[in-house]
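Given the structure is predicted, the values throughout are model-derived calculations rather than measurements. These values consider heavy atoms only, across backbone and side chains, with no hydrogens, waters or symmetry-generated copies.
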Amino acid sequence: MTTRVIIVDDQAMVRAGFAALLAAQSDIDVVGDAEDGLRGVELSRRTHPDVVLMDVRMPEMDGLEAARQLLSPPPGVVHRPKVLMLTTFDVDDYVYEALRAGASGFLLKDAPPADLISAVRVVAAGEALLAPSVTRRLIADFARQRPAPRKDRTALRLNGLTPRETEVLELIARGLSNQEIAADLVLAEQTVKTHIGRVLAKLDLRDRAQAVIFAYESGLVTPGDR
(Lines give C-alpha, C1' and ligand atoms only; values in the text may rest on other atoms or scores of the structure.)
Protein backbone atom coordinates (compact mmCIF):
# COMPACT_ATOMS: atom_id res chain seq x y z
CA MET A 1 0.00 0.00 0.00
CA THR A 2 1.34 3.41 -0.99
CA THR A 3 1.38 6.27 1.52
CA ARG A 4 0.36 9.62 0.03
CA VAL A 5 2.30 12.56 1.47
CA ILE A 6 2.31 16.35 1.10
CA ILE A 7 5.05 18.64 2.42
CA VAL A 8 4.23 22.06 3.88
CA ASP A 9 7.26 24.27 4.55
CA ASP A 10 8.19 27.85 3.68
CA GLN A 11 11.70 26.85 2.56
CA ALA A 12 11.77 25.65 -1.03
CA MET A 13 14.99 23.70 -0.54
CA VAL A 14 13.52 21.80 2.41
CA ARG A 15 10.44 20.90 0.39
CA ALA A 16 12.51 19.78 -2.58
CA GLY A 17 14.93 17.77 -0.48
CA PHE A 18 12.23 15.98 1.50
CA ALA A 19 10.22 15.33 -1.64
CA ALA A 20 13.17 13.79 -3.47
CA LEU A 21 14.04 11.57 -0.52
CA LEU A 22 10.49 10.34 0.05
CA ALA A 23 9.61 9.93 -3.63
CA ALA A 24 12.54 7.54 -4.00
CA GLN A 25 10.74 5.08 -1.70
CA SER A 26 8.54 2.54 -3.46
CA ASP A 27 5.84 2.75 -0.78
CA ILE A 28 5.62 6.57 -0.56
CA ASP A 29 4.06 8.93 -3.09
CA VAL A 30 4.61 12.69 -2.69
CA VAL A 31 1.42 14.23 -4.11
CA GLY A 32 2.23 17.90 -3.59
CA ASP A 33 3.86 20.63 -1.54
CA ALA A 34 2.94 24.08 -0.25
CA GLU A 35 4.85 27.07 1.10
CA ASP A 36 2.57 28.02 4.00
CA GLY A 37 -0.16 26.63 6.21
CA LEU A 38 -3.05 28.22 4.33
CA ARG A 39 -2.03 26.67 1.01
CA GLY A 40 -1.17 23.45 2.84
CA VAL A 41 -4.72 23.11 4.13
CA GLU A 42 -6.12 23.82 0.66
CA LEU A 43 -3.75 21.28 -0.90
CA SER A 44 -4.66 18.63 1.65
CA ARG A 45 -8.36 19.13 1.01
CA ARG A 46 -7.76 18.61 -2.72
CA THR A 47 -5.31 15.72 -2.66
CA HIS A 48 -6.38 13.78 0.48
CA PRO A 49 -2.90 12.71 1.63
CA ASP A 50 -2.36 10.09 4.30
CA VAL A 51 0.38 12.12 5.97
CA VAL A 52 1.11 15.86 6.04
CA LEU A 53 4.66 16.96 6.92
CA MET A 54 3.97 20.33 8.52
CA ASP A 55 6.53 22.99 9.38
CA VAL A 56 5.81 24.86 12.62
CA ARG A 57 6.64 28.46 11.72
CA MET A 58 5.40 29.78 8.37
CA PRO A 59 3.88 32.99 6.97
CA GLU A 60 0.18 33.42 6.16
CA MET A 61 -0.81 30.59 8.52
CA ASP A 62 1.54 28.77 10.88
CA GLY A 63 1.71 25.01 11.21
CA LEU A 64 -0.25 24.98 14.45
CA GLU A 65 -3.33 26.61 13.00
CA ALA A 66 -3.03 24.53 9.82
CA ALA A 67 -2.87 21.34 11.92
CA ARG A 68 -5.96 22.42 13.85
CA GLN A 69 -7.88 22.99 10.64
CA LEU A 70 -6.84 19.64 9.18
CA LEU A 71 -7.51 17.64 12.35
CA SER A 72 -10.77 19.37 13.30
CA PRO A 73 -12.28 20.05 9.88
CA PRO A 74 -15.55 21.95 9.39
CA PRO A 75 -18.83 20.11 8.80
CA GLY A 76 -18.89 18.37 5.46
CA VAL A 77 -15.13 17.73 5.36
CA VAL A 78 -14.48 14.11 6.28
CA HIS A 79 -10.81 13.72 5.38
CA ARG A 80 -8.40 13.98 8.32
CA PRO A 81 -4.78 13.18 7.49
CA LYS A 82 -2.09 12.27 9.98
CA VAL A 83 0.02 15.36 10.73
CA LEU A 84 3.73 15.15 11.49
CA MET A 85 5.20 18.44 12.70
CA LEU A 86 8.63 19.55 11.52
CA THR A 87 10.71 21.73 13.80
CA THR A 88 14.25 22.91 14.42
CA PHE A 89 13.83 22.59 18.19
CA ASP A 90 13.59 19.48 20.38
CA VAL A 91 10.52 20.72 22.22
CA ASP A 92 8.80 23.70 20.73
CA ASP A 93 5.81 25.30 22.45
CA TYR A 94 3.95 25.30 19.14
CA VAL A 95 4.58 21.60 18.82
CA TYR A 96 3.08 20.96 22.25
CA GLU A 97 -0.10 22.73 21.16
CA ALA A 98 -0.09 20.78 17.91
CA LEU A 99 0.03 17.52 19.85
CA ARG A 100 -2.96 18.67 21.87
CA ALA A 101 -4.73 19.40 18.60
CA GLY A 102 -4.15 15.82 17.48
CA ALA A 103 -0.86 15.84 15.57
CA SER A 104 0.80 12.43 15.54
CA GLY A 105 4.20 13.66 16.65
CA PHE A 106 7.12 15.73 15.53
CA LEU A 107 10.47 15.36 13.83
CA LEU A 108 13.56 17.53 13.86
CA LYS A 109 14.38 18.96 10.44
CA ASP A 110 18.00 17.91 10.75
CA ALA A 111 17.12 14.27 11.53
CA PRO A 112 18.91 11.66 9.41
CA PRO A 113 17.16 10.76 6.13
CA ALA A 114 16.34 7.28 7.41
CA ASP A 115 14.50 8.83 10.35
CA LEU A 116 12.31 10.91 8.06
CA ILE A 117 11.36 7.89 5.98
CA SER A 118 10.67 5.84 9.10
CA ALA A 119 8.63 8.67 10.61
CA VAL A 120 6.30 8.83 7.64
CA ARG A 121 5.75 5.08 7.75
CA VAL A 122 5.18 5.05 11.52
CA VAL A 123 2.66 7.88 11.40
CA ALA A 124 0.88 6.43 8.37
CA ALA A 125 0.46 3.18 10.30
CA GLY A 126 -1.43 5.05 13.00
CA GLU A 127 1.30 5.22 15.63
CA ALA A 128 2.53 8.32 17.42
CA LEU A 129 6.06 9.44 16.64
CA LEU A 130 7.07 10.31 20.17
CA ALA A 131 10.16 8.49 21.34
CA PRO A 132 10.59 8.02 25.09
CA SER A 133 13.46 10.51 25.24
CA VAL A 134 11.32 13.08 23.43
CA THR A 135 8.43 12.31 25.77
CA ARG A 136 10.64 13.10 28.75
CA ARG A 137 11.65 16.45 27.26
CA LEU A 138 8.01 17.21 26.50
CA ILE A 139 7.16 16.47 30.14
CA ALA A 140 9.93 18.77 31.34
CA ASP A 141 8.60 21.52 29.09
CA PHE A 142 5.11 20.91 30.42
CA ALA A 143 6.37 21.25 33.99
CA ARG A 144 8.03 24.59 33.26
CA GLN A 145 5.31 26.25 31.23
CA ARG A 146 1.92 24.70 31.93
CA PRO A 147 -0.63 25.48 34.66
CA ALA A 148 -1.49 23.03 37.41
CA PRO A 149 -3.45 19.93 36.33
CA ARG A 150 -7.22 20.27 36.20
CA LYS A 151 -9.40 18.24 38.58
CA ASP A 152 -12.51 18.30 36.41
CA ARG A 153 -14.20 16.02 33.88
CA THR A 154 -10.80 15.15 32.45
CA ALA A 155 -9.86 13.52 35.75
CA LEU A 156 -13.24 11.78 36.01
CA ARG A 157 -12.57 9.99 32.73
CA LEU A 158 -9.84 8.05 34.51
CA ASN A 159 -12.53 6.19 36.45
CA GLY A 160 -13.27 4.10 33.37
CA LEU A 161 -9.81 2.55 33.40
CA THR A 162 -8.88 -0.63 35.21
CA PRO A 163 -6.07 -0.41 37.80
CA ARG A 164 -3.67 -2.04 35.32
CA GLU A 165 -4.63 0.35 32.53
CA THR A 166 -4.09 3.27 34.89
CA GLU A 167 -0.62 1.95 35.71
CA VAL A 168 0.20 1.68 32.02
CA LEU A 169 -1.00 5.22 31.35
CA GLU A 170 1.14 6.54 34.20
CA LEU A 171 4.23 4.82 32.83
CA ILE A 172 3.56 6.15 29.33
CA ALA A 173 3.39 9.65 30.81
CA ARG A 174 6.72 9.11 32.55
CA GLY A 175 8.31 8.48 29.17
CA LEU A 176 8.75 4.70 29.28
CA SER A 177 8.78 2.66 26.07
CA ASN A 178 6.58 -0.41 25.64
CA GLN A 179 9.56 -2.62 26.42
CA GLU A 180 10.32 -0.69 29.60
CA ILE A 181 6.68 -0.81 30.69
CA ALA A 182 6.64 -4.57 30.12
CA ALA A 183 9.73 -5.00 32.28
CA ASP A 184 8.40 -2.71 35.00
CA LEU A 185 5.03 -4.49 35.24
CA VAL A 186 6.38 -7.97 34.43
CA LEU A 187 4.15 -8.32 31.38
CA ALA A 188 4.62 -9.44 27.80
CA GLU A 189 5.22 -6.55 25.43
CA GLN A 190 2.19 -7.57 23.37
CA THR A 191 0.06 -7.38 26.53
CA VAL A 192 1.32 -3.84 27.10
CA LYS A 193 0.30 -2.92 23.55
CA THR A 194 -3.16 -4.33 24.21
CA HIS A 195 -3.49 -2.28 27.40
CA ILE A 196 -2.37 0.87 25.58
CA GLY A 197 -4.95 0.27 22.87
CA ARG A 198 -7.69 -0.04 25.47
CA VAL A 199 -6.54 3.09 27.29
CA LEU A 200 -6.65 5.12 24.08
CA ALA A 201 -10.08 3.75 23.17
CA LYS A 202 -11.62 4.34 26.60
CA LEU A 203 -10.27 7.87 26.88
CA ASP A 204 -11.01 8.69 23.23
CA LEU A 205 -7.38 9.63 22.60
CA ARG A 206 -5.75 9.56 19.20
CA ASP A 207 -2.33 8.23 20.18
CA ARG A 208 0.47 8.02 22.74
CA ALA A 209 1.24 11.74 22.46
CA GLN A 210 -2.24 12.71 23.57
CA ALA A 211 -2.09 10.09 26.33
CA VAL A 212 0.94 11.86 27.85
CA ILE A 213 -0.86 15.19 27.79
CA PHE A 214 -4.06 13.68 29.22
CA ALA A 215 -2.17 12.09 32.12
CA TYR A 216 -0.77 15.46 33.15
CA GLU A 217 -3.92 17.47 32.62
CA SER A 218 -5.96 14.95 34.60
CA GLY A 219 -3.56 15.04 37.53
CA LEU A 220 -2.67 11.35 37.27
CA VAL A 221 0.98 12.36 36.93
CA THR A 222 2.56 15.56 38.15
CA PRO A 223 5.91 17.12 37.28
CA GLY A 224 8.65 15.59 39.39
CA ASP A 225 7.05 12.14 39.61
CA ARG A 226 9.43 9.24 39.07
- Item | Worked check of side-chain contact (heavy atoms from CB on, under 4.5 Å) between T3 and V120 | CA-CA 8 Å; T3 298; V120 169; 4.1 Å; yes
- Item | Audit row: I117, L21, side-chain contact (heavy atoms from CB on, under 4.5 Å) steps and yes/no | CA-CA 8 Å; I117 297 166; L21 178 64; 4.0 Å; yes
- Apply the test side-chain contact (heavy atoms from CB on, under 4.5 Å) to residues D9 and E35: give CA-CA distance (whole Å), side-chain angles for both, the deciding distance (0.1 Å), then the verdict. CA-CA 5 Å; D9 193 291; E35 64 268 32; over 6 Å; no
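Side-chain contact check for L187 versus I181: every heavy-atom pair is 4.5 Å or farther apart. At a threshold of 4.5 Å between non-hydrogen side-chain atoms, the residues V5 and D50 do not count as touching. V168 has its side chain within reach of L185: a pair of non-hydrogen atoms, C-beta onward, lies under 4.5 Å apart. Side chains of L200 and I196 form a contact here, defined as non-hydrogen atoms less than 4.5 Å apart. Under the 4.5 Å side-chain criterion, counting only non-hydrogen atoms from C-beta, V123 is in contact with S104. Looking at V83 and L71, their side chains come closer than 4.5 Å, going by heavy atoms from C-beta outward. A 4.5 Å side-chain heavy-atom check between L70 and V52 finds at least one atom pair inside the cut-off. Counting only heavy atoms from C-beta outward, the side chains of T166 and L169 never approach each other to under 4.5 Å.
Salt bridge E42/R45: absent, no basic N to carboxylate O contact under 4.0 Å. Of the charged side-chain nitrogens involved, none lies within less than 4.0 Å of a carboxylate oxygen, so that D10 and R15 do not count as a salt-bridged pair. Using a cutoff of 4.0 Å between basic side-chain nitrogens and carboxylate oxygens, R121 and D27 are scored as salt-bridged.
The backbone N or O of L43 sits less than 3.5 Å from a side-chain atom of T47, completing a donor-acceptor pair. Side-chain atoms of S218 come within 3.5 Å of backbone N or O of F214 as a donor-acceptor pair.
In terms of heavy atoms, V8 sits closest to G40 at CG2-CA, 3.8 Å. The two residues L38 and M61 make their nearest non-hydrogen contact at N-CB, 3.4 Å. Residues A23 and V30 share a closest heavy-atom pair of N-CG2, 4.0 Å. Among all heavy-atom pairs drawn from P81 and S44, the shortest one is CG-OG, 3.7 Å. When all heavy atoms of V221 and E170 are compared, the closest pair comes out as CG2-CG, 3.7 Å. For the residue pair A211 and I172, the shortest heavy atom distance occurs at CB-CG2, 4.4 Å.
Within a 6.0 Å radius of CD in Q179, other residues, nucleotides and ligands contribute 12 heavy atoms or fewer.
Applying the salt bridge (Lys or Arg N to Asp or Glu O under 4.0 Å) definition to pairs two or more places apart or across chains, those involving residues 192-205 are E165-K202.
Put simply, CG on L107 and CZ on F18 are 7.0 Å apart, with the number rounded to the nearest 0.5 Å. The CE atom of M54 lies 12.0 Å from the CD1 atom of I7; values are rounded to the nearest 0.5 Å. With rounding to the nearest 0.5 Å, the separation of OG1 in T191 from CD in E189 is 10.0 Å. To the nearest 0.5 angstrom, L116 atom CG is 12.0 Å from K109 atom NZ. Atom CG of L53 sits about 6.0 Å away from atom CG of L22, to the nearest 0.5 Å. To the nearest 0.5 Å, the span separating CZ on R80 from CD on Q69 amounts to 14.0 Å.
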